[in-house]
Visitor: 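Right, I'll just put the structure down here and ask away after.
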Amino acid sequence: MEIESRLVEVLQHARHVAVLTGAGVSAESGIPTFRDAQTGLWAQFSPEELASPGAFRRNPRLVWEWYAWRRELVTQATPNPGHLALAELERRVPRFTLITQNVDGLHQRAGSSAPIELHGNIGRVTCSEEGTVVDRWDTSDEELPPRCPRCGAYLRPDVVWFGEQLPEAALAAAWDAAQSCDLFLSVGTSGQVEPAATLPRVAMQAGATVAVINLDVTTAARPPLYTINAPSGVLLPTLLRAAWPV
Ligand code: BV8
């Protein structure tokens with residue numbers, strides 16, 4: 001796969017690389033992307049219907065079980081070469097910021113040191129009233145969702161639902177990185193969900209080179225914008241090897 005030499009040069013000389021990842025980066029780990037997360041049992045629901053406070057209020061058990069199903073998928077999954085390439089990239093450049101929309105924790109398992117989790121992490125559970133993380137709860141009784149051992153409210157996944165605010169510090173750190181980086185990679189995201197989808201534009205307006213790596217990218221590109229139609233698990237290792245041949 002041929003990568004534009006200009007982009008490789010920008011990467012080799014970049015002071016600060018920022019990367020935004022979406023569900024496409026975990027697709028090659030066998031985790032359905034958000035748009036096709038609805039397979040089989042869940043086909044009759046749309047993510048926006050299940051990933052919202054309203055859905056949890058109306059049917060807490062259904063929402064809890066959807067996340068339990070996805071948590072199981074994530075536990076079975078392993079980081080793919082795209083995740084591993086991003087963990088290596090962090091070691092190759094002077095300053096690196098990884099911003100992820102994914103809630104699967106695969107970047108951490110691949111060795112990325114401090115990904116900014118804009119939408120939370122499905123591996124964590126919080127009290128739906130107190131907002132604090134709950135590590136252990138009573139699994140003896142059948143009731144789902146389980147209840148907070150402190151206040152008795154339902155437990156919920158520690159993810160940001162549609163209509164909920166993103167964690168302020170995470171969003172601010174992501175915005176800062178987009179404004180100060182000299183190379184911004186947007187990888188495996190359809191760019192449908194705000195405010196994450198605005199980050200590549202913030203980087204472009206701040207003068208960064210932006211590369212969009214996706215399977216269905218269509219925009220016509222000319223520097224400082226690059227678009228590459230390729231699976232991230234193939235493209236990212238290829239990009240690293242082009243910049244830093246072993
Ligand atoms: C907010 C966690 C302020 C949960 C997620 C009306 C009312 C209320 C809100 C809104 C509204 N209109 C707009 C909004 C804002 C809303 C929004 O953007 N809605 C969209 C649907 C229009 N945003 C919010 O609500 C956010 N909060 O704005 O607060 C506010 C508050 C109240 C009212 C207004 C504003 C919160 C958004 C966070 C939602 N939570 N996840 C969970 O996971 O269950 S979002 C979830 O969907 C993911 O985290 C991810 O961000 C998103 C999916 O996007 P992608 O990651 O891009 O995945 P997708 O499947 O779409 O695309 C995959 C791509 O990869 C594809 O392009 C594919 O081609 C490519 N690909 C596939 N395989 C590969 C590949 N690429 C490379 N290699 C491969 N192998």
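Order of appearance sets the numbers: ligands from 1, and atoms from 1 within every ligand. Everything numeric here is computed off the predicted structure, so don't read it as measured data.
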Visitor: Would you confirm whether Asp104, through its side chain, and Val74, through its main-chain N or O, come within 3.5 Å as a donor-acceptor pair?
Guide: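 No; zero donor-acceptor contacts below 3.5 Å.
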Visitor: Would you mind running through ligand 1 and noting each atom that sits below 4.0 Å from a heavy atom of Ala27?
Guide: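 Selected atoms, number and element: 73 (N).
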Visitor: Is a salt bridge present between Glu88 and Arg91, judged by a nitrogen-to-oxygen distance below 4.0 Å?
Guide: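 Judged by the 4.0 Å cut-off on N to carboxylate O distance, Glu88 and Arg91 do not form a salt bridge.
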Visitor: Taking the cut-offs as 6.0 angstrom to the six-membered ring centre and 45 degrees off its axis, would you call Arg71 and Trp64 a cation-pi pair?
Guide: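 Here Arg71 passes the 6.0 Å and 45° test against Trp64.
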Visitor: Polar contacts were defined as any N/O atom of the residue lying under 3.5 Å from an N/O atom of the ligand; does this apply to Val160 and ligand 1?
Guide: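 By distance alone, the answer is yes.
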Visitor: Would you say Gln76 has more than 12 foreign heavy atoms packed within less than 6.0 Å of its CD?
Guide: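 Counting neighbours around CD of Gln76, more than 12 heavy atoms of other residues, nucleotides or ligands fall under 6.0 Å, so yes.
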Visitor: Please work out which of His119, Arg70, Gln101 has its closest non-hydrogen atom nearest to atom 42 (C) of ligand 1.
Guide: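 Answer by nearest heavy atom: Arg70.
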Visitor: Side chain, backbone, both or neither: which part of Leu118 has a heavy atom under 4.0 Å from ligand 1?
Guide: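 No part of Leu118 is near ligand 1 at this cut-off.
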Visitor: Which of the atoms of ligand 1 are close to Gln192, meaning less than 4.0 Å from one of its heavy atoms?
Guide: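 Numbered from 1, ligand 1 contributes 18 (O), 20 (C), 22 (C).
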Visitor: A quick test of your reading: do over 12 heavy atoms of other residues, nucleotides or ligands sit less than 6.0 Å from CD of Glu129?
Guide: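 12 or below, so no.
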Visitor: Closer than 4.0 Å to some heavy atom of Ala230 - which atoms of ligand 1 meet that?
Guide: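 Matching atoms, with element in brackets: 77 (C), 78 (N).
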Visitor: Measure the acute angle between the ring planes of Trp161 and Phe56, then classify it against the limits of 30° and 60° as parallel, tilted or perpendicular.
Guide: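 Trp161 and Phe56: tilted rings.
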Visitor: Please identify which atoms of ligand 1 are closer than 4.0 Å to at least one heavy atom of Asp216.
Guide: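 Numbered from 1, ligand 1 contributes 67 (O), 69 (O).
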Visitor: Does Asp182 use its side chain to pair, donor to acceptor, with the backbone of Ala208 at less than 3.5 Å?
Guide: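 The answer is no, because no donor-acceptor pair under 3.5 Å joins these two groups.
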Visitor: If the cut-off is 4.0 Å to any non-hydrogen atom of Gly163, which atoms of ligand 1 fall inside it?
Guide: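 Those atoms are 24 (C), 25 (O), 31 (C), 32 (C).
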Visitor: On a heavy-atom basis, I'd like to know which of Thr33, Asn121, Asn214 is closest to atom 66 (C) of ligand 1.
Guide: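 Among Thr33, Asn121, Asn214, the closest heavy atom to atom 66 (C) of ligand 1 belongs to Asn214.
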Visitor: May I ask you to decide if Ala77's main-chain N or O and Arg109's side chain share a donor-acceptor pair within less than 3.5 Å?
Guide: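 Pair found, side chain donor or acceptor close to backbone of Ala77.
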Visitor: By number and element, which atoms of ligand 1 are closer than 4.0 Å to a non-hydrogen atom of Tyr67?
Guide: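 It comes down to these atoms of ligand 1: 4 (C), 42 (C), 44 (O).
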Visitor: Just by distance, with hydrogens left out, do Asn80 and Ser29 show a side-chain donor and acceptor under 3.5 Å apart?
Guide: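 On atom types as modelled, these side chains qualify, holding a pair under 3.5 Å.
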Visitor: Please state which part of Pro157 comes within less than 4.0 Å of ligand 1, counting heavy atoms only: side chain, backbone, both or neither.
Guide: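 It is neither; nothing of Pro157 touches ligand 1.
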Visitor: Need the ligand 1 atom indices (1-based, order shown) with element for anything under 4.0 Å from a heavy-atom of Ala23.
Guide: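 Every atom of ligand 1 under 4.0 Å from some heavy atom of Ala23: 55 (P), 56 (O), 58 (O).
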Visitor: Could you tell me which atoms of ligand 1, counted from 1 in the order shown, lie closer than 4.0 angstrom to a heavy atom of Glu164?
Guide: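 Listed by number with element, the hits are 1 (C), 26 (C), 27 (N), 29 (O), 36 (C).
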Visitor: With the threshold set at under 4.0 angstrom, would you say Gly120 reaches ligand 1 through any of its heavy atoms?
Guide: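 No.
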Visitor: Does atom CD of Glu168 have more than 12 heavy-atom neighbours, drawn from other residues, nucleotides or ligands, at distances under 6.0 Å?
Guide: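 Count not over threshold, so no.
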Visitor: Given Ser232, Gly22, Gly188, which one has a non-hydrogen atom that is nearest to atom 63 (C) of ligand 1?
Guide: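 Considering heavy atoms of Ser232, Gly22, Gly188, the nearest to atom 63 (C) of ligand 1 sits in Gly188.
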